[in-house]
Amino acid sequence: MRLWTDPLTAPILSAVQDAREPGQQVYLVGGAVRDLLLGRELHDLDFTLGASPVRLTRQVARLLKADFFVLDDDRHTTRVIHRLPDGREFNLDFVQFTGADLEDDLRHRDFTINALAIDLAQPEAIIDPLGGEADLEKRLLRVCSDQSLLDDPVRALRAVRLAIQFGLDYAPGTPERIRAAAFSLSKATVERQRDELFRILAGPDPARGLRECQTFGLLKSLAPPLEDQLTVLASPPHHYPLLEHTLQVVQTCQQILNTLEENSLASESPWWLGEAFDALRPFQGQLRAWMTGEITPGRSIRSLLLLGALFHDLAKPATLSAGADGRLHYYGHDREGAEMVWDLARRLALSNAEAKWLSTLVRYHMRLLPLARLDGGPDRKKIYHFFQEAGEVGVAIALLYLADTRATYGPELSREIWGRSVGTAARVLQAWWQEQDDLIAPELLLDGNALQREFGLAPGALIGELLADLREAQAADEVRDLAGARAFIAQRLKKHNKGN
């Protein structure tokens with residue numbers, strides 16, 4: 001088996017073998033065995049044994065010259081953090097059997113495709129008491145027992161993730177077990193719920209993952225306010241009922257991101273995606289790097305944007321009113337939504353920085369709509385003010401705005417509306433990545449000391465107001481040089497003095 005021939009894993013397994021006590025049996029288990037059978041790249045290794053793994057793990061760490069620590073004293077779980085030659089971390093986790101022996105341990109696991117083991121002393125044989133290898137061949141996701149998901153409801157989220165990640169169908173009875181476990185999901189630690197959610201968001205089809213979470217009742221625990229969207233029907237110009245609109249926004253956002261990442265457009269792609277791709281392609285490199293960035297380690301901005309797409313209309317049910325024209329209105333849903341999203345982000349144990357990012361996204365997600373309606377699109381001054389409010393989150397808002405527009409109109413989307421929307425989003429990205437020093441944050445031609453020295457002003461609020469006005473004028477290209485800056489300040493002072 002390639003474990004013992006692969007230059008990445010062979011030294012690791014040799015170290016584990018050498019660290020064993022005489023007669024001690026150590027088994028490779030779980031996802032690594034599954035990925036070996038599927039021919040997939042390995043990212044970590046999990047081992048199990050019949051005794052506390054602390055002594056073995058310490059020896060393995062010494063042989064590999066790696067770090068070692070205890071993850072969980074009660075569950076006898078330890079970790080070695082091994083550094084690969086290219087600097088990447090490769091974790092080795094060791095845990096004592098859950099149950100009396102190896103087979104009992106495997107039967108207590110989540111799904112049969114993860115209930116596989118290899119005895120390091122007999123590496124050519126797969127230990128498979130539950131038929132996981134056959135389920136892999138049939139592309140089926142099957143629970144290890146009737147209690148598997150009830151014992152640990154977070155596994156219900158994992159079921160969605162694994163089915164999408166490996167292209168599996170749910171075995172008969174599995175969907176019903178996922179729905180049953182959903183009722184207990186809120187009892188699991190929020191950190192574990194959050195981590196599985198972000199694994200879904202980082203997976204190959206997060207839009208499908210979130211839709212399945214909704215179908216199985218899992219979103220009730222992750223984001224309870226989303227349930228209120230089920231009762232809000234479609235109202236022009238919205239083509240879809242509210243919850244379906246929300247899921248369409250996530251899907252559209254994902255489609256746009258995927259197209260930019262893959263740098264290709266399938267022949268069957270819808271026309272609107274082709275127009276978006278053509279308009280955003282000049283910023284493709286910057287967008288790729290931006291998407292892989294992280295506000296908090298381990299959670300990408302791409303995943304955070306998709307989560308924001310799920311949350312962007314969170315306050316619509318609470319702000320719903322019917323107008324005289326019979327249409328539904330949601331006045332203030334962006335402002336109230338920002339507060340709700342902050343609370344929800346903190347409830348999901350996201351960092352303050354992530355909560356602020358999401359709150360800003362929701363607070364200003366409507367800002368580009370009126371700008372797109374302007375003849376010729378937004379001018380420099382309006383783009384400047386947009387980024388003064390949104391900051392770096394403005395990039396995400398531009399992408400969310402496109403997804404929101406497409407999902408609002410659905411199949412009724414016109415080329416005129418889409419053209420204006422795409423043009424506005426592209427103009428915003430151009431400003432951020434190509435005009436940062438001139439439009440977003442121009443360096444002031446005069447500073448506070450110069451205003452005091454040249455205009456005889458005393459320190460105070462007036463200087464701050466004048467500098468803010470000057471920066472705006474520079475961003476709008478109304479002031480281009482030092483002489484123009486002095487004339488601008490003189491004019492502002494004249495107006496100020498006249499008003500007083």
Side-chain angles (χ1 to χ4, degrees), residues 282-283 286 331-339 342 353 356-357 359-398 400-401 419-500:
F283 320 106
Q286 293 100 322
Y331 298 119
H333 82 278
D334 47 358
R335 183 181 62 256
E336 292 194 29
E339 297 177 4
W342 173 275
K356 182 179 179 181
W357 194 96
S359 181
T360 301
L361 179 75
V362 173
R363 176 67 180 88
Y364 300 114
H365 80 275
M366 299 288 291
R367 279 294 193 266
L368 296 183
L369 179 60
L371 304 189
R373 293 171 175 167
L374 298 172
D375 290 337
D379 59 25
R380 292 175 63 92
K381 186 174 291 188
K382 285 184 169 52
I383 290 176
Y384 170 77
H385 282 294
F386 169 71
F387 277 109
Q388 286 295 298
E389 292 178 322
E392 64 182 19
V393 185
V395 171
I397 292 172
L400 176 59
Y401 165 64
R420 286 175 175 268
S421 302
V422 167
T424 299
R427 182 67 187 95
V428 166
L429 299 182
Q430 176 186 340
W432 181 257
W433 275 308
Q434 297 179 2
E435 303 171 76
Q436 185 78 218
D437 295 338
D438 297 325
L439 201 164
I440 306 299
E443 184 177 352
L444 285 167
L445 293 165
L446 294 169
D447 61 16
N449 291 330
L451 295 192
Q452 293 180 59
R453 184 176 61 253
E454 297 186 28
F455 295 93
L457 297 177
L462 177 59
I463 288 180
E465 294 172 9
L466 291 171
L467 292 178
D469 289 344
L470 177 58
R471 192 183 297 276
E472 179 191 89
Q474 288 183 220
D477 205 29
E478 296 169 356
V479 173
R480 302 180 181 180
D481 53 29
L482 189 58
R486 289 186 175 118
F488 177 86
I489 295 297
Q491 183 184 34
R492 282 291 190 273
L493 283 172
K494 184 177 180 180
K495 185 181 295 186
H496 173 78
N497 293 333
K498 185 177 181 180
N500 291 332

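Computed from a predicted structure; not experimentally measured.
- Residues that satisfy the salt bridge (charged side-chain N to carboxylate O under 4.0 Å, His left out) test with Asp375, not counting sequence neighbours, are Arg420.
- Every residue meeting the side-chain contact (heavy atoms from CB on, under 4.5 Å) condition with Leu462, not counting sequence neighbours, appears here in chain and number order: Leu457, Glu465, Leu466, Leu493, His496.
- With sequence neighbours excluded, the residues that form a side-chain hydrogen bond (donor to acceptor under 3.5 Å, both in side chains) with Arg480 are Asp477.
- Sequence neighbours left out, the pairs with a member in residues 449-458 that pass side chain to side chain donor-acceptor pair (under 3.5 Å) are Glu454-Arg486.
- In this view, Asp447 satisfies the side-chain hydrogen bond (donor to acceptor under 3.5 Å, both in side chains) rule with no residue, not counting sequence neighbours.
- Thr360 places no side-chain N or O within 3.5 Å of a backbone atom of Ala390 that could act as its donor or acceptor partner.
- At a threshold of 4.5 Å between non-hydrogen side-chain atoms, the residues Trp342 and Val362 do not count as touching.
- Listed by chain and residue number, Arg367 satisfy the salt bridge (charged side-chain N to carboxylate O under 4.0 Å, His left out) test with Glu389 (two or more places apart in sequence, or in another chain).
- Under the salt bridge (charged side-chain N to carboxylate O under 4.0 Å, His left out) criterion, Asp469 pairs with Arg492, not counting sequence neighbours.
- For the pair Arg471/Tyr384, a side-chain contact is recorded, criterion being any heavy-atom separation below 4.5 Å from C-beta on.
- Distance check, rounded to the nearest 0.5 Å: CD of Gln434 to CZ of Phe283 gives 5.0 Å.
- Using a 4.5 Å heavy-atom threshold, the side chains of Ile397 and Phe386 count as touching.
- Looking at residues two or more places apart in sequence or on another chain, you find a side-chain contact (heavy atoms from CB on, under 4.5 Å) between Ala485 and Leu445, Leu446, Leu470, Val479.
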Could you go step by step and tell me if Lys382 and Leu374 meet the side-chain contact (heavy atoms from CB on, under 4.5 Å) rule? CA-CA 11 Å; Lys382 285 184 169 52; Leu374 298 172; 3.5 Å; yes
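- With sequence neighbours left out, the ring pair (Phe, Tyr, Trp, His ring centres under 6.0 Å) criterion links Tyr331 to His329.
- Taking CG from Leu467 and CD1 from Ile489, the interatomic distance works out to 6.5 Å, rounded to the nearest 0.5 Å.
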Would you mind writing out the side-chain donor-acceptor pairs for residues 435-444 within the sub-3.5 Å range, not counting sequence neighbours?
{"unit_1": "Glu435", "atom_1": "OE1", "unit_2": "Arg380", "atom_2": "NH1", "d": "3.3"}
{"unit_1": "Glu435", "atom_1": "OE2", "unit_2": "Arg427", "atom_2": "NH1", "d": "2.7"}
{"unit_1": "Glu435", "atom_1": "OE2", "unit_2": "Arg427", "atom_2": "NH2", "d": "3.4"}
{"unit_1": "Glu435", "atom_1": "OE2", "unit_2": "Gln430", "atom_2": "NE2", "d": "3.3"}
{"unit_1": "Gln436", "atom_1": "NE2", "unit_2": "Trp432", "atom_2": "O", "d": "2.7"}

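- Ser421 pairs by the side-chain hydrogen bond (donor to acceptor under 3.5 Å, both in side chains) definition with Tyr401, not counting sequence neighbours.
- Take Glu478 and apply the salt bridge (charged side-chain N to carboxylate O under 4.0 Å, His left out) test, not counting sequence neighbours, and it matches Lys381.
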Which is it for Met366 and Arg335 under the side-chain contact (heavy atoms from CB on, under 4.5 Å) test, yes or no, and what are the steps along the way? CA-CA 10 Å; Met366 299 288 291; Arg335 183 181 62 256; over 6 Å; no
